[in-house]
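These notes are about the structure you will find just below.
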There are 2 protein chains.
Amino acid sequence: MSEARQHQRQISLGAFLMETGHHIAAWRHPDTHATGGLDYAQLAQIAERAKFDAIFFADSVSVRDTHLPSLSRTARADHFEPLTLLSALSVVTSHIGLVATVSTTFNEPYNVARKFASLDHLSGGRSGWNLVTSSTETEAHNFGFDKHPDHALRYERAKEFHDVVTGLWDSWDDDAFLRDKASGIYFDPDKVHVLDYRGKHFKVRGPLNVARSPQGRPVVIQAGASDAGKELAAQTAEVIFVAHQTLDEAKHFYRDVKGRLARYGRRPEHLKIMPGIFPVIGRTQQEAQDKFDALQDLIHPTVGLQLLSNMSGGVDLSKYDVDGPVPELPETNGGKSRQRLLLDLARRDNLTIRQLYLRIAGARGHQQVIGTPQSIADQLQQWFEEEGADGFNIMSPWLPGGLSEFAELVVPELQRRGLFRTEYAGRTLREHLGLPRPENQFSESTQAAQVAQTA
Amino acid sequence: MSEARQHQRQISLGAFLMETGHHIAAWRHPDTHATGGLDYAQLAQIAERAKFDAIFFADSVSVRDTHLPSLSRTARADHFEPLTLLSALSVVTSHIGLVATVSTTFNEPYNVARKFASLDHLSGGRSGWNLVTSSTETEAHNFGFDKHPDHALRYERAKEFHDVVTGLWDSWDDDAFLRDKASGIYFDPDKVHVLDYRGKHFKVRGPLNVARSPQGRPVVIQAGASDAGKELAAQTAEVIFVAHQTLDEAKHFYRDVKGRLARYGRRPEHLKIMPGIFPVIGRTQQEAQDKFDALQDLIHPTVGLQLLSNMSGGVDLSKYDVDGPVPELPETNGGKSRQRLLLDLARRDNLTIRQLYLRIAGARGHQQVIGTPQSIADQLQQWFEEEGADGFNIMSPWLPGGLSEFAELVVPELQRRGLFRTEYAGRTLREHLGLPRPENQFSESTQAAQVAQTA
């Protein structure tokens with residue numbers, strides 16, 4: 001590999017793992033292990049052997065049991081809590097990043113800061129936090145709320161939550177712990193920092209009872225696509241997971257978000273944008289299409305309709321003609337950006353309700369790519385080179401087969417093109433993503449450097 | 001081993017793990033690894049090879065930085081968050097129980113129920129929850145409180161918290177998940193239960209988004225020794241960790257708590273009482289004493305005084321003559337039972353402040369046992385046979401050496417006497433402890449059985 005190639009911009013890859021796979025009927029696929037005890041160690045190791053940057057787990061804090069007849073036909077009701085799961089997976093992997101979703105609406109920042117710092121220590125610098133605000137009523141009902149907190153309020157709280165967590169991660173200088181048996185000094189008292197945060201939503205004194213972690217701070221990921229979500233991401237995110245249907249949409253989003261960074265003193269390369277991709281891979285286009293059609297055939301109609309309701313933030317379409325056009329959706333409090341995404345999709349392709357649910361049944365609004373390893377690599381390369389994406393979050397239709405195929409067929413194609421690593425160059429998630437290790441905002445050396453810079 | 005011996009009452013053993021050990025100066029011991037990255041996998045495996053029932057982690061959600069000169073001379077400021085740590089340890093162990101402390105004051109029950117259920121699935125039925133209400137001001141300050149919530153209020157909240165968590169653990173019947181690919185039915189909608197809890201402190205709908213776990217419910221442990229603590233334990237605990245100085249005290253506590261069970265319809269053998277034991281082991285009594293004295297010599301005076309202040313719930317003794325008598329302590333809000341424990345100890349043995357802090361520096365109010373393997377086994381046997389204890393939580397002075405010595409010298413002695421297992425008979429923590437697997441309180445079969453019983 002030439003020197004030039006080593007330093008060129010490279011694609012980042014996340015493996016978004018979900019039960020038996022991202023297709024709503026994946027658990028019925030003959031090759032999935034629908035045991036509820038799916039071997040996540042195997043999945044993590046497939047992704048690590050293929051040199052993925054990270055594995056990623058979504059999360060919700062409820063059973064969406066508003067429609068049991070459909071829910072009971074999916075593998076969506078029960079799943080591992082991601083931080084406990086990723087802590088276990090840290091032991092059976094050595095390099096791959098470990099990203100868990102945790103809501104800012106239903107947690108306390110001190111607890112969240114601790115858990116990700118602890119996972120960062122356990123894993124030698126591989127933890128990442130996907131910061132979400134949550135969006136469903138069923139979640140609110142498990143935490144004392146009658147209805148879901150307002151969208152704007154959730155984002156205001158999320159920003160404060162982020163500031164508290166990152167502040168707590170800087171509670172200790174990197175070299176605070178001396179552990180000098182001879183003198184009896186365990187840590188240097190001048191290198192611990194009391195945060196004393198007082199905001200509208202939180203009052204948190206600190207310091208955190210965990211030493212500064214190998215990455216300095218775990219990587220912060222976000223997924224909001226609303227305007228409030230994009231602005232929060234521009235201020236605080238280091239990776240964005242996002243759903244796009246077209247390259248134009250992706251490029252527009254990419255320019256928009258990267259353009260917001262300067263006002264927060266941030267550089268474009270310090271925020272990685274990674275759209276979700278739902279790949280169905282065949283030796284021929286027809287073989288890929290046949291695989292997809294076989295999965296679609298496993299969707300029960302009640303499941304499809306209800307999925308559409310869930311994706312639109314609670315709107316009930318069961319009273320409309322399933323083969324008629326998609327009606328205007330009344331705006332609800334939860335998940336505004338996803339409603340817009342669905343409506344745009346239906347209008348663009350003139351879809352019936354049934355066609356719409358079949359369309360999103362696989363990728364849930366993300367980009368489906370059905371083709372050969374070459375054609376899929378072509379599309380990823382185009383999105384990457386035309387600045388629609390810095391990388392991709394791979395949402396395999398079924399597991400483990402869909403991920404193995406991607407690892408064995410598409411990854412080598414990207415590597416041949418010089419677009420993706422063949423070995424890990426570092427050991428931390430930050431190193432994989434090319435993100436700098438943040439200086440401690442409170443350490444005297446950082447503050448001295450800032451004074452020198454402004455002087 | 002005779003049939004009779006197999007069925008006789010057996011001692012339960014927990015390995016209470018804490019950084020470099022329970023002695024406040026343990027980190028300075030030449031054989032400890034004071035790296036902050038102590039190999040907990042090694043410790044868990046030592047305990048598992050010795051057939052301990054469980055490893056146990058305490059927790060606090062703050063740095064007790066009220067006195068940095070002393071804190072900075074201890075290994076008490078930073079530690080792993082226990083649930084992430086135990087999830088990782090579940091992978092490198094196969095039988096031993098995994099007990100984490102989590103506060104009911106600073107968490108939401110839905111999150112706690114999920115994490116322990118998730119760990120129970122990950123570990124094949126080995127998780128246990130040490131339910132505490134927390135007791136320090138520094139913790140309160142990390143969660144928006146100006147001062148620590150009142151003792152009575154914390155216990156009221158703890159009882160509700162427990163009821164929500166155990167209710168959520170029964171969200172699904174054991175056989176709810178069919179995962180039948182042919183029919184497309186993933187779970188039986190008649191076997192999911194909505195809790196819909198509405199109390200003074202919590203309003204939680206449920207159901208939990210985790211299937212019923214291998215143990216049915218993770219084991220519930222408690223440690224409160226106040227009257228409110230004992231009453232809560234009698235209602236809800238399956239194991240009590242407790243601190244006693246004398247066998248008389250232990251027997252009184254044992255009779256008291258076991259006597260409270262009947263009014264809640266519980267049997268005495270379904271609550272295990274396990275005092276903490278701090279063993280210092282030598283081939284001779286003198287060798288054991290020398291080991292202990294060497295540790296005591298490593299305590300800096302500022303550390304000793306401050307430890308006393310922490311143990312008494314924030315009372316400052318630094319203005320008194322360190323070689324004078326212990327003054328009456330003003331009653332504070334935090335940790336009433338620990339204050340009483342300390343005062344009783346000082347009065348009983350007529351101790352100066354310095355003598356008192358040296359006395360508790362090792363075992364923090366728990367029973368120190370300094371002797372040979374035989375004499376230590378004698379004492380455990382006596383406490384066990386005279387019903388002062390069902391088992392013991394072993395607080396090794398320094399790690400890993402103190403635990404290895406207990407495993408290699410004391411455990412074989414207990415086994416020779418027929419008091420402790422030589423192999424695990426089961427795979428779950430409940431099986432090790434001899435606790436029944438609870439029926440699901442909401443399943444139709446349980447309710448039908450209850451109706452039949454009362455008819």
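Note on naming: letters A, B, ... go to the chains in the order of the sequence lines (proteins, then strands), and numbering restarts at 1 for each one. What's counted below: heavy atoms across the whole structure, side chains too, no hydrogens, waters or symmetry copies. As the structure is a prediction and not an experimental result, all values here were calculated from the model.
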Bottom line for B:H29: the part with an atom under 4.5 Å from chain A's heavy atoms is backbone
Highest number of heavy-atom pairs under 4.5 Å with chain B among A:V63, A:N142, A:L122, A:V204 belongs to A:N142
Bottom line for B:V91: the part with an atom under 4.5 Å from chain A's heavy atoms is side chain
Within residues 167-176 of chain B, the residues sitting under 4.5 Å from chain A by heavy atom, in sequence order, are B:W172
Rounded to the nearest 0.5 Å, the NZ atom of B:K115 sits from the OG atom of B:S127 at a distance of 13.0 Å
Checked A:G184, A:G144, A:P189, A:G206 vs chain B; the most non-hydrogen pairs under 4.5 Å come from A:G184
(message) Between A:E160 and A:K200, does any NZ, NE, NH1 or NH2 come within less than 4.0 Å of an OD or OE carboxylate oxygen?
(response) no
Assert top hit (heavy-atom pairs under 4.5 Å, partner chain A, pool B:N107, B:L85, B:T84, B:L298) equals B:T84
field: Derivation and outcome, side chain to side chain donor-acceptor pair (under 3.5 Å), residues B:T101 and B:D59
entry: CA-CA 6 Å; B:T101 299; B:D59 196 37; over 6 Å; no
B:F57 and B:F80: CA distance, side-chain angles, deciding distance, ring pair (Phe, Tyr, Trp, His ring centres under 6.0 Å) verdict: CA-CA 10 Å; B:F57 287 90; B:F80 281 109; 8.8 Å; no
Most heavy-atom pairs under 4.5 Å with chain A, out of B:L119, B:N111, B:V210, belong to B:N111
Handout entry: Salt bridge flag under 4.0 Å for residues B:R179 and A:D78
Key = yes
Cut-off 4.5 Å, heavy atoms of chain A, and the answer for B:V303 is neither
Does the salt bridge (charged side-chain N to carboxylate O under 4.0 Å, His left out) test come out yes or no for A:K203 and B:D146, once each step is laid out?
CA-CA 9 Å; A:K203 195 166 67 177; B:D146 288 320; 2.6 Å; yes
Could you check B:T32 against B:T20 for side chain to side chain donor-acceptor pair (under 3.5 Å), going step by step and ending with a plain yes or no? CA-CA 6 Å; B:T32 59; B:T20 45; 5.2 Å; no
Residues passing the side chain to side chain donor-acceptor pair (under 3.5 Å) test with B:S70, sequence neighbours excluded, are B:H67
For B:R205, the side chain to side chain donor-acceptor pair (under 3.5 Å) test, sequence neighbours excluded, returns A:D65
Answer key: most heavy-atom pairs under 4.5 Å with chain B among A:S87, A:A117, A:S90 is A:S87
Cut-off 4.5 Å, heavy atoms of chain A, and the answer for B:P69 is neither
In terms of heavy-atom pairs under 4.5 Å with chain B, the winner among A:P207, A:S183, A:A75, A:S72 is A:S72
Bottom line for B:V164: the part with an atom under 4.5 Å from chain A's heavy atoms is neither
**OP:** Output yes when B:E137 and B:K147 qualify as a salt bridge under the 4.0 Å nitrogen-oxygen rule, no when they do not.
**Re:** no
Turns out that what part of B:F202 lies under 4.5 Å from chain A's heavy atoms comes down to neither
Scored by heavy-atom pairs under 4.5 Å with chain A, the best of B:L68, B:L208, B:L86, B:I185 is B:I185
Bottom line for B:L71: the part with an atom under 4.5 Å from chain A's heavy atoms is both
Of the listed B:W27, B:F177, B:F145, the one with the largest count of heavy-atom pairs under 4.5 Å with chain A is B:W27
Practice item. Step by step, work out the ring pair (Phe, Tyr, Trp, His ring centres under 6.0 Å) result for B:F143 and A:Y110. Key: CA-CA 7 Å; B:F143 294 86; A:Y110 197 89; 5.7 Å; yes
Honestly, the part of A:L178 sitting under 4.5 Å from a heavy atom of chain B is neither
Among B:T138, B:D196, B:D180, the residue with the most heavy-atom pairs under 4.5 Å to chain A is B:D180
Parallel, tilted or perpendicular, judged at 30° and 60°: which one describes the rings of B:W129 and B:F161? tilted
Please check if any side-chain donor atom of A:R73 sits under 3.5 Å from a side-chain acceptor atom of B:Y186, or the reverse.
-> no
Among B:P82, B:P109, B:A211, B:S62, the residue with the most heavy-atom pairs under 4.5 Å to chain A is B:S62
One should read off an interatomic distance between A:I299 CD1 and A:D297 CG, to the nearest 0.5 angstrom, of 8.5 Å
The interface call for B:H79 against chain A, heavy-atom contacts under 4.5 Å, is both
ask   = Do A:E81 and B:R114 sit within salt-bridge range, that is, some charged N less than 4.0 Å from a carboxylate O?
value = no
Across all chains, not counting sequence neighbours, the salt bridge (Lys or Arg N to Asp or Glu O under 4.0 Å) partners of B:D188 are none
Bottom line for B:S60: the part with an atom under 4.5 Å from chain A's heavy atoms is both
If one checks every heavy atom of A:A182 against chain B at 4.5 Å, the contacting part turns out to be backbone
